[in-house]
A.B. asks: 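My questions all concern the structure below.
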2 protein chains.
Amino acid sequence: MPAVSDCTEMLDSETKAVETPEDHAEELRLWLRLLTCTTLVEGEVRGRLRQRFDVTLPRFDLMAQLDKAPDGMTLSDVSKRMMVSNGNVTGLVERLVESGHLDRRTSETDRRVQVIRLTKLGRAEFRRMAAEHETWIADLFADLTPKDVRELMRLLAKTKASAQKSAARRRS
Amino acid sequence: MPAVSDCTEMLDSETKAVETPEDHAEELRLWLRLLTCTTLVEGEVRGRLRQRFDVTLPRFDLMAQLDKAPDGMTLSDVSKRMMVSNGNVTGLVERLVESGHLDRRTSETDRRVQVIRLTKLGRAEFRRMAAEHETWIADLFADLTPKDVRELMRLLAKTKASAQKSAARRRS
DNA sequence: CCAAATTGTTTTAAGCCTAAAATGTTTCCC
DNA sequence: GGGAAACATTTTAGGCTTAAAACAATTTGG
């Protein structure tokens, strides 16, 4: 916080500098709107995935990560990328291996590590779903101009950095 | 779609106008970034609520809805506002009634309807949590200027409208 | 008036998700 | 080499979430 703040300050009865309770209503509203947008899109995508392909969103997301990694990923990698807990990934992978979409093997160099890959079936099904998925997203964001999209990308990058910094601050 | 599109078109072998497979990679990236921001903030808030108040995020969210409605809300209202399923609300309410934070009664004019309210305890606890919650949000968004916030609000409003329109299109 | 449609809620079955503890493996470093 | 720390994963317990079906009450239209 800067030494001199724009905010008015006041002195309490014991002459100790105390901040006025700042108004963060705008940030709160922003957060709620962000959440609304995400929930809306997510719900829509979830429903369409289920109806068209009888697949859940988390499974689709996991397969999307693996599609970008032809050599496979460790469970930890997936967990970090998807920003979900380790145990969650364990369960998801279990079901996707069961259904024949994933291949799981223990790393030869480090027996702690499980490496997972899409199977041929898994990759084929994912590609089919992803193509359609992309059109859904395009449709959901259809009213945004290319400029809107660029501007949102920029501002959300800033938002992400801000939130990461705040989270790191707390963890330290 | 406008009669004359900026996109190049081509004719297929049967002379029927066919769109080139359009590139929606930008929208896709935007969606992923939006999701990342939300997941980041949500995870941070979830963790802090648990650590500081031993309360879950869904319970906090439900209480937030009720705090804005002194006369109570029906379960359907809550479900719509929170954009979650009916059954989900039933379970949440059950636990919050159990813990003494909520009061639930059947409407006198329509015996299908359940009206829920915050109890005195529920309201007091919520207010205490909400005050701190607001500072967390402010901190998470601290690097955004007031102008950034305004601009994001505007663009997300547009995003929300676009997504709602798309969802309505599909439902019809 | 009454059957049909609608509305509000709960139940069910299955899956998702988290935090924390437990387990097994590797690395570090003395 | 060997114990401690770090790491990767799984397990556990509890709660959240959804879609769909079931149930109950009200409204609607003949």
Side-chain angles (χ1 to χ4, degrees), chain A residues 35 38-40 42-63 72-99 101-102 104-116 171, chain B residues 35 38-40 42-63 72-99 101-102 104-116 171:
Chain A
L35 187 56
T38 299
T39 306
L40 247 166
E42 201 169 46
E44 204 56 26
V45 170
R46 183 195 313 283
R48 298 191 200 201
L49 279 174
R50 196 183 41 71
Q51 285 201 350
R52 285 281 295 133
F53 302 112
D54 193 32
V55 74
T56 66
L57 182 51
R59 287 181 213 206
F60 178 82
D61 286 343
L62 175 38
M63 291 170 82
M73 296 175 80
T74 69
L75 295 199
S76 290
D77 287 347
V78 172
S79 159
K80 278 179 203 113
R81 288 291 192 94
M82 293 182 74
M83 300 196 279
V84 299
S85 66
N86 288 340
N88 191 356
V89 174
T90 297
L92 276 171
V93 167
E94 216 161 65
R95 288 182 285 269
L96 281 167
V97 167
E98 171 67 24
S99 64
H101 293 86
L102 258 57
R104 181 222 310 242
R105 64 186 57 171
T106 303
S107 161
E108 308 212 340
T109 60
D110 184 340
R111 280 186 307 168
R112 287 172 303 182
V113 173
Q114 301 285 312
V115 178
I116 53 175
R171 274 195 304 276
Chain B
L35 187 56
T38 299
T39 306
L40 248 163
E42 200 169 46
E44 205 54 28
V45 170
R46 183 195 314 283
R48 298 191 200 201
L49 280 174
R50 195 183 40 72
Q51 285 201 349
R52 284 281 295 135
F53 302 113
D54 194 32
V55 75
T56 66
L57 182 51
R59 288 181 210 204
F60 177 81
D61 285 344
L62 175 38
M63 292 170 82
M73 297 174 78
T74 69
L75 296 199
S76 289
D77 287 347
V78 172
S79 159
K80 278 179 204 113
R81 286 292 191 94
M82 294 182 72
M83 301 196 281
V84 300
S85 66
N86 288 340
N88 192 352
V89 174
T90 298
L92 276 171
V93 166
E94 218 160 65
R95 288 182 285 270
L96 282 167
V97 167
E98 171 67 25
S99 64
H101 294 86
L102 259 56
R104 181 223 310 245
R105 64 187 57 170
T106 303
S107 161
E108 309 213 337
T109 60
D110 184 340
R111 280 186 306 167
R112 287 171 303 182
V113 173
Q114 301 287 311
V115 177
I116 53 175
R171 275 194 304 276

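A, B, ... follow the sequence lines: proteins, then strands. Residue 1 opens every chain.
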A.B. asks: To the nearest 0.5 Å, what is the distance between CD on B:E94 and CG on B:L102?
C.D. replies: 12.0 Å
A.B. asks: Among all residues two or more places apart in sequence or in another chain, which pass the salt bridge (charged side-chain N to carboxylate O under 4.0 Å, His left out) test with B:R104?
C.D. replies: none
A.B. asks: Please set out all donor-acceptor pairs under 3.5 angstrom arising from side-chain atoms of residues 80-92 of chain B, sequence neighbours excluded.
C.D. replies:
residue, atom, partner, partner atom, Å
B:S85, OG, B:N88, N, 3.3
B:N86, OD1, B:S79, OG, 3.0
B:T90, OG1, B:N86, O, 3.4

A.B. asks: How many whole angstroms separate atom CD of A:E42 from atom P of D:dT17?
C.D. replies: 11 Å
A.B. asks: Using distance alone, with no hydrogens and no angle criterion, decide if B:S107 and B:Q114 have a side-chain donor and acceptor under 3.5 Å apart.
C.D. replies: no
A.B. asks: Considering only heavy atoms, which members of residues 54-63 of chain B lie under 4.0 Å from some atom of DNA chain D?
C.D. replies: B:T56, B:P58, B:R59
A.B. asks: Quick check for you: to the nearest 0.5 Å, what is the distance between B:R112 atom CZ and B:T74 atom OG1?
C.D. replies: 10.5 Å
A.B. asks: First locate atom NE2 of A:H101, then atom CG of A:L62, and finally report the distance between them rounded to the nearest 0.5 Å.
C.D. replies: 11.0 Å
A.B. asks: Can you see if the side chain of B:R95 gets near the phosphate of D:dC16 - specifically, an N or O under 4.0 Å from OP1 or OP2?
C.D. replies: yes
A.B. asks: What are the atom names and distances for every N/O pair under 3.5 Å that joins the protein to nucleotides 6-12 of chain D?
C.D. replies:
residue, atom, partner, partner atom, Å
D:dC7, O2, A:R112, NH1, 3.0
D:dT9, OP1, A:L75, N, 3.2
D:dT9, OP1, A:Q114, N, 2.8
D:dT9, OP1, A:Q114, O, 3.2
D:dT9, OP2, A:L75, N, 3.4
D:dT9, OP2, A:S76, N, 2.4
D:dT9, OP2, A:S76, OG, 2.5
D:dT10, OP1, A:R104, NH1, 2.9
D:dT10, OP2, A:T90, OG1, 2.8

A.B. asks: 5' to 3' on DNA chain C, which nucleotides open and close the contacts with chain A (atom under 4.0 Å from a heavy atom)?
C.D. replies: C:dG15 to C:dT26
A.B. asks: Does B:L96 reach the side chain of B:S99, with side-chain heavy atoms less than 4.5 Å apart?
C.D. replies: yes
A.B. asks: Once salt bridge (Lys or Arg N to Asp or Glu O under 4.0 Å) is applied, what residue pairs with a partner in residues 45-57 of chain B remain, sequence neighbours excluded?
C.D. replies: B:E44-B:R48, B:R52-B:E132
